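Have a look at the structure below, then the notes.
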Amino acid sequence: MSELEQAKRKDKKVYITDIAISKVPFVKYKGFDDSKNEIMRNLAMDLLLVSKDENDSNEVAFTCDLSRENPLDEVGVAFGSEHEIDILSDTLSNHLIVSEKPVAVVVLHNHPSTQTFSLQDIHFFLQYTKIAVMVVVSNQGKIHYLMRDDNYNLEDAFELFKECIHELEPGSSTKDLYLSALSFLAKCSEVGLYYS
């Protein structure tokens, strides 16, 4: 079943379970060693746990500094609603994202219409160029991520984004927003972005 078909079928929030947390996969992120990949898995599992226990399975974002010897020593945490989150509302997250250091932003999505990156997530990632990797963890433990490749071109990326949203209007349906995001993700390698 395609992600779009799954999104159409989910008409209410998916609540996080302990089973979903335990099934978060070990992802081999492009350019990361096993130690960093294990850190990313632990962050994803912790993120789901915090969302489940402290935010009614709504959106939570973790931000950490990947350049630290132990990135888990200091993690920014932002809490959102079922359908949105302001990552910069957390002071530490804001500081890390606007600093000069690479950071990893792990964003939890659990709203019914989005299984991967939303247009807002993509725009946020393009806007804040110091973010090294942005990860979406679904409430069922599925992971997607975006990174910049060596041939990344910011201007081309924003042009592609504009191209993918040019037919949207205020009040566009959730389906149209989702299809625009999928269109961007399908073409993002053309502008030097890696999506998995």
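Side chains included, hydrogens not; waters and symmetry mates left out as well; all remaining heavy atoms used. This structure is a prediction, so every number in the text was calculated from the model and none was measured. Along the sequence shown, the residues carry numbers beginning at 1.
- Not one N or O on the side chain of Thr63 forms a donor-acceptor pair closer than 3.5 Å with the backbone of Gly76.
- Between Phe161 and His123, the ring planes lie tilted relative to each other; the angle falls in the 30° to 60° range.
- No side-chain N or O of Ser89 forms a donor-acceptor pair with one of Asp86 less than 3.5 Å apart.
- With a 4.5 Å cut-off on side-chain heavy atoms, Ile97 and Lys130 do not count as touching.
- The shortest side-chain heavy-atom distance between Phe125 and Arg148 falls under the 4.5 Å cut-off.
- For Tyr145 and Tyr194, the gap between ring centers is short of 6.0 Å.
- Contact record, Phe26 with Asn37: CZ-CB, 3.5 Å, taken as the closest heavy-atom pair.
- For the residue pair Asn55 and Asn58, no side-chain donor N or O sits within less than 3.5 Å of a side-chain acceptor on the partner.
- One distance of note links CD1 of Ile39 with CG of Asp33; it measures 8.0 Å at 0.5 Å rounding.
- Put simply, the side chain of Ser180 gets close to the backbone of Asp176: a donor and an acceptor are under 3.5 Å apart.
- With contacts defined as side-chain heavy-atom distances shorter than 4.5 Å, the pair Leu119/Phe124 does not qualify.
- The distance from the OH atom of Tyr178 to the OG atom of Ser183 is 12.5 Å, given to the nearest 0.5 Å.
- The nearest pair of heavy atoms linking Glu59 to Ile85 is OE1-CG2, 3.3 Å.
- Residues Cys64 and Leu43 meet the side-chain proximity criterion, which asks for heavy atoms closer than 4.5 Å.
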Run the side chain to side chain contact (heavy atoms under 4.5 Å, CB included) test on Asn139 and Tyr15 for me, step by step, so that the C-alpha distance in whole Å, both residues' side-chain angles and the decisive distance to 0.1 Å come before the verdict. CA-CA 7 Å; Asn139 278 14; Tyr15 285 88; 5.9 Å; no

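- For the pair Arg68 and Glu74, the minimum side-chain heavy-atom distance is below 4.5 Å.
- With a 4.5 Å cut-off on side-chain heavy atoms, Ile87 and Tyr128 do not count as touching.
- Under the 3.5 Å distance criterion, the side-chain polar atoms of Asp149 are left unmatched by any main-chain donor or acceptor of Tyr152.
- One finds the OG1 atom of Thr17 at 9.0 Å from the CG atom of Leu48 (value rounded to the nearest 0.5 Å).
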Apply side chain to side chain contact (heavy atoms under 4.5 Å, CB included) to Val137 and Lys142, showing your working. CA-CA 6 Å; Val137 185; Lys142 190 169 183 179; over 6 Å; no

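- Between Ile143 and Val136 the shortest side-chain heavy-atom distance does not fall below 4.5 Å.
- Met40 and Leu66 get closest at one heavy-atom pair: SD-CD2, 4.3 Å.
- Shown here for Ala78 and Asp90, the closest heavy-atom pair between the two residues is CB-CB, 4.0 Å.
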Are Lys187 and Glu190 close enough, and set up right, to give a salt bridge (charged side-chain N to carboxylate O under 4.0 Å, His left out), and what steps lead you there? CA-CA 6 Å; Lys187 299 174 186 175; Glu190 298 169 11; over 6 Å; no

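- The backbone N or O of Asn153 sits nowhere less than 3.5 Å from a side-chain atom of Asp156 that would complete a donor-acceptor pair.
- Under a 3.5 Å cut-off, the side chain of Asp65 and the backbone N or O of Pro71 do not form any donor-acceptor pair.
- Put simply, the side chain of Ser99 gets close to the backbone of Leu96: a donor and an acceptor are under 3.5 Å apart.
- Using modelled atom types and a 3.5 Å distance limit, the side chains of Asn94 and Thr91 yield no donor-acceptor pair.
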Apply side chain to side chain contact (heavy atoms under 4.5 Å, CB included) to the pair Lys52 and Ile21, showing each step before the final yes or no. CA-CA 10 Å; Lys52 175 180 161 281; Ile21 295 170; 4.1 Å; yes

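- Nearest heavy-atom pair across Met147 and Val133 is CG-CG2, 3.8 Å.
- Leu185 places a side-chain heavy atom less than 4.5 Å from the side chain of Ile122.
- For Phe184 against Leu126, the heavy-atom pair with the smallest separation is CZ-CD1, 4.2 Å.
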Test side chain to side chain contact (heavy atoms under 4.5 Å, CB included) on Phe62 and Val50 and set out the steps. CA-CA 10 Å; Phe62 282 0; Val50 167; 3.9 Å; yes

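- Rounding to the nearest 0.5 Å places CG of Leu179 at 11.0 Å from SG of Cys164.
- For the residue pair Tyr195 and Thr116, a side-chain donor N or O sits within less than 3.5 Å of a side-chain acceptor on the partner.
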